[in-house]
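Working notes, structure below.
Just so we're on the same page: letters track the sequence lines, and every chain starts at 1. A quick note: this is a predicted structure, and the numbers were derived from the prediction, not measured.
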Protein chains: 2
Amino acid sequence: MNIKDAGLRVGLPPKTIRYYEDIGIVTPDRADNGYRDFSDAHLHKLAFLARARSLGFSIDDCRDLLALWEDQDRASGDVRAIAKEHLAAIETKIAGLQDMRATLADLVQSCAGDARPDCPIIDKLQRG
Amino acid sequence: MNIKDAGLRVGLPPKTIRYYEDIGIVTPDRADNGYRDFSDAHLHKLAFLARARSLGFSIDDCRDLLALWEDQDRASGDVRAIAKEHLAAIETKIAGLQDMRATLADLVQSCAGDARPDCPIIDKLQRG
DNA sequence: CTTTGACCTTCCCGTTACTGGAAGGTTTAT
DNA sequence: ATAAACCTTCCAGTAACGGGAAGGTCAAAG
């Protein structure tokens with residue numbers, strides 16, 4: 001299967017798939033004309049990647065997950081460790097964003113937002 | 001004032017301040033020896049930047065905010081518009097991360113995380 | 001007076017995970 | 001025969017810096 005159809009099948013743009021090949025994550029076969037040729041196994045792997053990425057796993061995480069996926073005898077604890085670490089990172093990020101949101105929401109609410117020049121938002125940014 | 005002390009004063013690493021000069025946000029004076037020389041006005045501007053960045057405003061947002069800050073007659077509505085848009089972006093990001101967190105938390109909880117090979121996390125990534 | 005160490009300068013590369021675009025070859029449909 | 005729609009590789013750019021090299025400057029200590 002050519003790259004465009006492969007992309008449609010797994011929900012990734014061709015550019016992204018080429019990139020994944022560049023960095024050594026997938027290695028499709030090549031047809032005689034030089035075109036990439038994706039087998040079912042390749043598509044399966046790409047779909048796995050797409051799902052892991054959509055859950056926010058980094059490419060490096062994905063490498064590890066793929067290795068574990070392909071290892072029939074790995075311990076589920078190894079997989080869980082990666083997921084837990086990622087979960088913790090996400091929670092840290094959420095907390096940071098929630099702090100920002102609270103401060104910003106305060107500022108936005110305190111500002112009249114009309115044609116007059118006095119603006120508590122600027123005041124706050126100015127004076128800390 | 002030299003760059004390191006300026007950085008200590010406003011809470012930014014020298015590298016970051018040089019970067020801000022590179023992209024045209026601040027333009028400190030230069031001493032005879034070529035060293036950057038930061039005035040109170042420069043420090044004030046850098047502090048403003050640091051605070052806006054810490055609230056997650058992009059550099060481009062900061063450019064706009066700085067222009068408004070320096071315009072005594074700007075309408076507070078213009079400032080508020082930027083802040084509101086940023087607030088909306090943050091809320092979108094939080095929602096996306098919360099989705100991820102929910103899915104991941106489910107996965108992590110469903111996985112025994114022991115030495116056995118069967119792992120619901122991998123299963124889910126595999127089958128969608 | 002020299003030396004050491006802490007500054008400072010510019011410049012270039014690396015980061016994340018792609019995306020856009022150019023130049024050119026191949027295949028398919030008209 | 002030609003045009004559209006693929007495909008290929010390669011190069012460059014994104015956001016916002018950080019690391020590190022090569023070299024100039026300055027203040028204090030010996």
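- For C:dT10, the OP1/OP2 oxygens have a side-chain nitrogen or oxygen of B:Arg36 closer than 4.0 Å.
- An OP1 or OP2 oxygen of C:dT10 is reached within less than 4.0 angstrom by a side-chain nitrogen or oxygen of B:Arg30.
- Within 4.0 Å of A:Ile3, counting heavy atoms only, lie sugar-phosphate atoms of the nucleic acid but no base atom.
- A salt bridge links B:Arg30 with B:Glu21; the closest basic N to acidic carboxylate O contact falls under 4.0 Å.
- One interatomic measurement links the two molecules: CD of A:Glu21 to C1' of D:dC10, which rounds to 14 Å at whole-angstrom precision.
- Distance CG (B:Asp32) to P (D:dT25): 12 Å, rounded to an integer number of Å.
- Between B:Asp114 and B:Arg116 a salt bridge is recorded (basic side-chain N to carboxylate O distance below 4.0 Å).
- One atom, CZ of A:Phe38, and another, P of D:dC6, lie 16 Å apart when rounded to the nearest Å.
- Listed here is the closest heavy atom pair of A:Leu125 and B:Leu55: CD2-CD1, 4.1 Å.
- The CD1-P distance, from A:Ile23 to D:dC10, rounds to 17 Å in whole Å.
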In 5'-to-3' order, the base (B), backbone-only (S) or no-contact (-) status of each nucleotide in nucleotides 13-19 of chain D, using a 4.0 angstrom heavy-atom cut-off, is ---BBSB
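- One can place CG of B:Asp22 at 11 Å from P of C:dT9, the figure rounded to the nearest angstrom.
- Nearest nucleotide to the side chain of A:Lys4, out of D:dC7, C:dT26, C:dT9: D:dC7.
- The separation between A:Arg18 atom CZ and C:dG20 atom C1' is 12 Å, rounded to whole Å.
- With hydrophobic clusters built from ILVMFWY side chains whose heavy atoms lie under 4.5 angstrom apart, A:Leu43 does not share a cluster with A:Tyr35.
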Problem - Derivation of the side chain to side chain contact (heavy atoms under 4.5 Å, CB included) call for A:Gln98 and B:Gln98 - result: CA-CA 11 Å; A:Gln98 280 173 340; B:Gln98 281 174 339; 3.4 Å; yes
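- At C:dG25, none of the side-chain N or O atoms of A:Asn33 fall inside 4.0 Å of OP1 or OP2 (strictly under the cut-off).
- Rounded to whole Å, the distance from CG on B:Asp5 to C1' on C:dA6 is 12 Å.
- The number of heavy-atom neighbours closer than 6.0 Å to CD of A:Glu70, taken from other residues, nucleotides and ligands shown, is above 12.
- In this structure, B:His44 and B:Trp69 have perpendicular ring planes: the angle between them is above 60°, well past the 30° mark.
- Per the geometry, CG belonging to A:Asn2 stands 12 Å off C1' belonging to D:dT8, to the nearest Å.
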